[in-house]
Amino acid sequence: MPGDERRISANVVLRAEGLSKQFGPVTVLSDVTLDIVAGEIHAIIGENGAGKSTLMRLLAGYADPTAGDLFLDGAPVRFANPHQAQDAGIVLVHQEILLADGLTVAENLFLGRELTRNGIVDDRTMKRIAAAKLAELGCRISPNALVRDIALADRQLVQIARALLDARRLVIFDEPTAVLTDEEVHRLLDIILLLKEQGIAVLYISHRLEEVQRLADKVTVLRDGRMVGTYPGQTLSQMEMAHLMVGRELAALYPPKKAVPSGEPILAVRNATVAGFAEDVSFSVRRGEILGFAGMIGAGRTELFEGLIGLRHAVGEVELNGKPIAIRSQQQAIAAGIGYLTEDRKGKGLLLQERLAPNLTLSALRTFHPGLYLRSRREAAALDEAVSSYDIRLKSLKVRAGQLSGGNQQKLLLAKVLLTDPSVVIIDEPTRGIDIANKAQIYAFIQDLVAEGRACIVISSEMQELIGICDRIIVMRRGRVSGEVSGDEMTENNIAFLATSDAAAEPAAWQPERSLQGGR
Amino acid sequence: MTAVTQTAPLTHEREFNISWVDAGPFLALAALLLIGFIINPDFLSVTNLSNVITRSAFIAIIAVGATFVISSGGLDLSVGSMAAFITGVTIMFMNMMAPDFGTWSIPAGMAFALVVGLACGLVNGAIVTVGKIEPFIATLGTMGIFRALITYMSDGGTIPIDRSLRDAYRPVYFGTVAGIPIPILISLAVAAIGAVVLYKMKYGRRCAATGANEDVARYSGISVVRTRTIAYVIQGACVAIAAICYVPRLGAATPTTGQLWELQVITAVVIGGTTLRGGKGRIWGTVAGAVILELIANLMVLSDFVSEYLVAAVQGVIIIIAMLIQRFSK
Amino acid sequence: MTAVTQTAPLTHEREFNISWVDAGPFLALAALLLIGFIINPDFLSVTNLSNVITRSAFIAIIAVGATFVISSGGLDLSVGSMAAFITGVTIMFMNMMAPDFGTWSIPAGMAFALVVGLACGLVNGAIVTVGKIEPFIATLGTMGIFRALITYMSDGGTIPIDRSLRDAYRPVYFGTVAGIPIPILISLAVAAIGAVVLYKMKYGRRCAATGANEDVARYSGISVVRTRTIAYVIQGACVAIAAICYVPRLGAATPTTGQLWELQVITAVVIGGTTLRGGKGRIWGTVAGAVILELIANLMVLSDFVSEYLVAAVQGVIIIIAMLIQRFSK
Amino acid sequence: ADKKVVAVSIPAADHGWTAGVVYHAQAAAKELNAAFPDIDVVVKTSPSASAQVSALEDLSASRKLDALVILPYTSEELTAPVKAVKDAGTFITVVDRGLNDPSIQDLYVAGDNIAVGRNTAKFLVEKLGGKGNLVVLRGIPTVIDDERIEGFQDGIKGSDLKILDIQYANWNSDDAFKLMQDYLAKYPQIDAVWANDDDMLLGVLEAIKQSGRTDIKFALGGNGMKEIIKKVIDGDAMTPVETPYPPSMIKTAVYLTVAHLVGHAPARGTVKLDAPLITKENAQEYYFPDSPF
Ligand SMILES: Nc1ncnc2c1ncn2[C@@H]1O[C@H](COP(=O)(O)OP(=O)(O)OP(=O)(O)O)[C@@H](O)[C@H]1O
Ligand SMILES: Nc1ncnc2c1ncn2[C@@H]1O[C@H](COP(=O)(O)OP(=O)(O)OP(=O)(O)O)[C@@H](O)[C@H]1O
Ligand SMILES: O[C@@H]1[C@@H](O)[C@H](O)OC[C@H]1O
Ligand SMILES: [Mg+2]
Ligand SMILES: [Mg+2]
């Protein structure tokens, strides 16, 4: 079945033949052959670490293949750098956010290809185009905003807009929707269809298989760096895709729900306010309960919880196990037994240049290494244990955290937070950029950890996942709680209504989150 | 399902609050002028201010260059000794030309100074970018090299400018145009050009991007090597311009010329609001920073209650306070 | 098609495979020794090497502290004048105690020096972390302050140690244990302790994490303020230890004591392989760096082909070359 | 009537000798301000030549100066600025490091640097019997340093004294200590050392002491630092002589200048402090145990 279309048709923009990539002794990609056809949306799917991003980097000139060739319009080609690929009309939207924090949105959009008039940069035009491009994507941030001050989702949109400026032959989207809300995703998919109409080839990577199913004309599946095959898009069900990716039967995505817990609340929050982001939020969570927080990006959920655990300035009352506590720093939160797993695992979660063991114990230094000294043997054992119990896939225990694939980084982060033995675990976007098999595992972990008597709060922009795992969901809108659903009320419609109704009524006044100076 | 009604919406601050960040150094400057006036009313006399600002011109001009280097993510410790070196070779060049070309040797010498400055900058840039050596160390190395070269060329003594050129050259430092001292005009011109390049030209964007995030710059097709090297070359040109203005002031180059200027220059840049981590540079803040430094020194001379031994301490304290004003005006 | 079979199970390979990165400074050191020997065989004589390494002890000890500061993401320019300040007050303290307590005032003075060092470090740390001022500027400020204070306290003169204490104190610099000069032993001890703290203790983790990524550190419950402040305090303690060894060398503090040590210290740290951006520090590399610097100076005197005027230039060139060796041995 | 202003502009205390200058200048100011109610002596230090030029501008921009006593950081760079002050009608006293144009000064108070070098050299030629190996430590590249070296080289001319090596040690005891250690490592036979400043001599002596070498017969300095004069008084074998170059010359200069202003004694011309050899016999005259230098 692999290689439905081995002949070079006139429409093939880019052909990859026998591509392989090794990092030192480690082979991450071997013998991949691919035809990318103009006006076609070609999805690449595979588990975390299957080599998708690596393949895309080879195609767009960011890295050199160890073996294999590329053909542009049938002629062999070699991109010495991304610039040459860009000149050939090939652009890549990276999985990681690659923007300069200290520059404005417009400056980032046009970085390296500024428009000038008589040698002077034409800021007015660039800002205009930037605003227009962003609006097309449904992003309403100002082109003058500093990238440092805008939310992750907006950054992703800026990155997409940047690629679209240059889209001529082939646009590669590497998990563009991981950090986007459903609404933003819809808009992006429309734009991608528009690209297709214009005869532009699109390579599309996503772990959200429903998107793949909606969009893809062709689907190529990678497993462990090797091609499983290329298939016509519409014929594959999501289940079949998952099966091809994983190579075995998958159990259900969501674990079966346990009885609704009825214990005493562990954590109760009253009238919490984080200036500029969240106002007057009250809720409580019980032992054994999984509480969801839904809302659009910018609803203030992340900031609310960063406030509650002392990473931002916040006011309000917090009770833990019935006793009021004041948390002024993340240290105190950890000591009190509240663990927080950040949504920004690369920027705030892991030391990417550091090995795995130090990353694993970083939050738990105090308890894990009693006394002054590090217990390196204990640390090594803990890593072994984490690797096996969280099923972290790696090729060597000596790799740096940054070299793990996204899903495995997320598992490491989960292990890191749980090492502090929290009684309340707050997980912000638990499965962002995570493949379906890993997702199921992470859901199972969440289930396990509440089964041990902890409480878990899940913040997610994927309604499906909240509905799938939570006992109860609180919906936030513009910094306030707009409602709460549980049991049968937990439907996409209800949640969407609570999350957006007001915002939809007055879109002009609605500004996505922006970090305000008041914070910290 | 329980719906909660929405009360007043959260306020989001306006995008366009005239940025206090940029105003920081100017506020510090204003505070200093006020304090100076209280301590000694002569402080605000036209002569005094014009003297002080004229003096700050050297540091300001060099610091404009340093703003490029620092914003591109580099650092240059060699500027002081580079200034001495350029001053020295320029004077030697002019003296050599003087017998044959008379005062024409002054403009010729200026052009020569510029060429030498560009070359020195290129050397620094190449060591840092091609040699991939930490800028601190690379320019510490060239600092020693330039300083030693001038000591060697002067045989450990001074290199005075030819008497025949002295008077013709004098106005470059002591002259005025429309009442404004020429060095002030030159430093304003340098700053203005610097601002245009940094804020209004492609190169400026690339410079800031390189300093803000090298990977992003590289992925955006910006040559980090080229961008950073050019920053050092700009720095070299600025040092040369400062040297050109400097010659008539002291009339000689000595092995101690320009000593510790590098610290003043970096201080001016940082007081001006550019961070040493790289990223966006603030040219006008830098100029304000240079003036602030010179004003502090001036204040020390004009005020009488600080023991001469403690001058450095008081300066240190004032600089820290200026930075605090800077920071908390944010 | 090459299947990626996971054959051997994952093992914790020993952390101990000698990495070339770490070897860089030692290779540079070896190269230097070789060149030195070729130029002048006396270079490798026991007396000469022992002199030179003993001399490098101050810089090495201070630089161990600087490795902490730099790896935590800071910088300290004040170490030289802090050393002068501590030397001065310590001598004054000992002299004051001497009439009543005799040679007991020496250990008392040492303890006093340590306390002063810790306090100075705390001041630097607080300005940087609580005041949130760019370390470069903050410590440039305190550099002026310490220097001025010592000048003030000494009335600008030298502060010699009491004759009655001199001989008792002398061995701390000039003495040997088992043939090894005491300063060398002290600096090895300081480096060993530093290595344990940085590599084997929790604080070391916090320090490296803070320098590598402040956000990750904060989100992991590490207090950036506390960690970085502690690094400055460690630096203060190291400066105090260096000062304690320094006193008997010349028996006096002068306004020039410790001048430009800060540059040597930072150079040693960087030559040793720690990057100024923060993150991992390399204690033993730092020690090698300090020795390299002192060897270069020594080589300049022992060799005959460099004019006295050009010494600084040749040193600059050698430092750059050492960095290149360092870099390309990676 | 208005007070008469006497500005004293000197280098900052960057080594022992200049520290002595600052001490004596401040002492003079204090004494004179107390003694003469209508005289105002202000002392300003500058850490570099260009800072000193600035200080001159500042001093004369804000008040009329009746007199300026200046110890120029460097000669070349300060000549024109001092002339500008002079042209405004100020009485100029120059101390120690001369200006390039002597016609500017009304009064010149200085030591004799050539003599410092030459007298030391003469002593060595005589004591070593006109033959032997020398090493020399010099200060920083300035005219003063050059003059002393020149005087010294002049002094040994014609003898068989040989200068094995000469390097900068920046008038700094630490640098001198290291340099001397290196000289000792490099040369197996050294008969005498000359450091052209006593700060450096301190470092030299420590290095010699540590080495335990016996070949060095003399280690001499210059400047009249009290510790060294004490050695001469005590009959130290290695440092039996010294040349004076007292930082108190600044005090002399300030006193003379004020005397001129208040009309007690019109002072003009040159006061050259001699640099005779200080020996055990006359050392007491040069010994001031209470001065910081
Ligand atoms: N520089 C590197 N050195 C060593 N191994 C690397 C390096 N970069 C990537 N890898 C490894 O290559 C494999 C493939 O990574 P890649 O990022 O291509 O996966 P992916 O399919 O994009 O995964 P995800 O869905 O999580 O993004 C992973 O096992 C990763 O750890
Ligand atoms: N979160 C932190 N960030 C920075 N420094 C810290 C932090 N926690 C502790 N320290 C400092 O690190 C050093 C070791 O303290 P730590 O608490 O880790 O050891 P411990 O013996 O486990 O202490 P305790 O008994 O208080 O738990 C102390 O100086 C402490 O002040
Ligand atoms: O500063 C100089 C001093 O150190 C030297 O020894 O004597 C002359 C002075 O000018
Ligand atoms: Mg990927
Ligand atoms: Mg969020």
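Predicted, not measured: the structure shown is a model, and the values here were computed from it. By convention in this document, chain letters (A, B, ...) are assigned in the order of the sequence lines, proteins followed by strands, and residues within each chain are numbered from 1.
- No part of A:Gln332 comes within reach of chain C, as not one of its non-hydrogen atoms sits under 4.5 angstrom from that chain.
- Of all heavy-atom pairs between C:Lys202 and A:His369, the closest is NZ-O, 2.9 Å.
- Atom CG of A:Leu350 sits about 10.0 Å away from atom CG of C:Asn213, to the nearest 0.5 Å.
- For A:Glu354, the part sitting under 4.5 Å from any heavy atom of chain C is the side chain, from C-beta outward, and nothing else.
- Proximity to chain C (any heavy atom under 4.5 Å) is restricted, for A:Tyr340, to the side chain, taken from C-beta onward.
- The residue among A:Ser376, A:Ala335, A:Ser329, A:Gly347 with the most heavy atom pairs within less than 4.5 Å of chain C is A:Gly347.
- Across every non-hydrogen atom of C:Ser220 and A:Lys416, the tightest pair is OG-NZ, 2.7 Å.
- Counting heavy-atom pairs under 4.5 Å between each of A:Thr342, A:Leu351, A:Asp344, A:Ile334 and chain C puts A:Leu351 at the top.
- Of the two parts of C:Val197, neither the backbone nor the side chain holds a non-hydrogen atom closer than 4.5 Å to a non-hydrogen atom of chain A.
- Expressed to the nearest 0.5 Å, how far NZ of C:Lys200 lies from OH of A:Tyr373 amounts to 11.5 Å.
- Residue C:Arg205 holds its CZ atom at 4.5 Å from CG of A:Leu374, rounded to the nearest 0.5 Å.
- At a 4.5 Å heavy-atom cutoff, A:Thr420 makes no contact with chain C through either its backbone or its side chain.
- Between A:Leu362 and C:Ile222, the closest heavy-atom pair is CD1-CD1, 3.8 Å.
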Inset, instruction - Quick one: do C:Glu214 and A:Lys348 satisfy side chain to side chain contact (heavy atoms under 4.5 Å, CB included)? Show the steps, please. - result: CA-CA 8 Å; C:Glu214 228 177 283; A:Lys348 305 194 168 103; over 6 Å; no

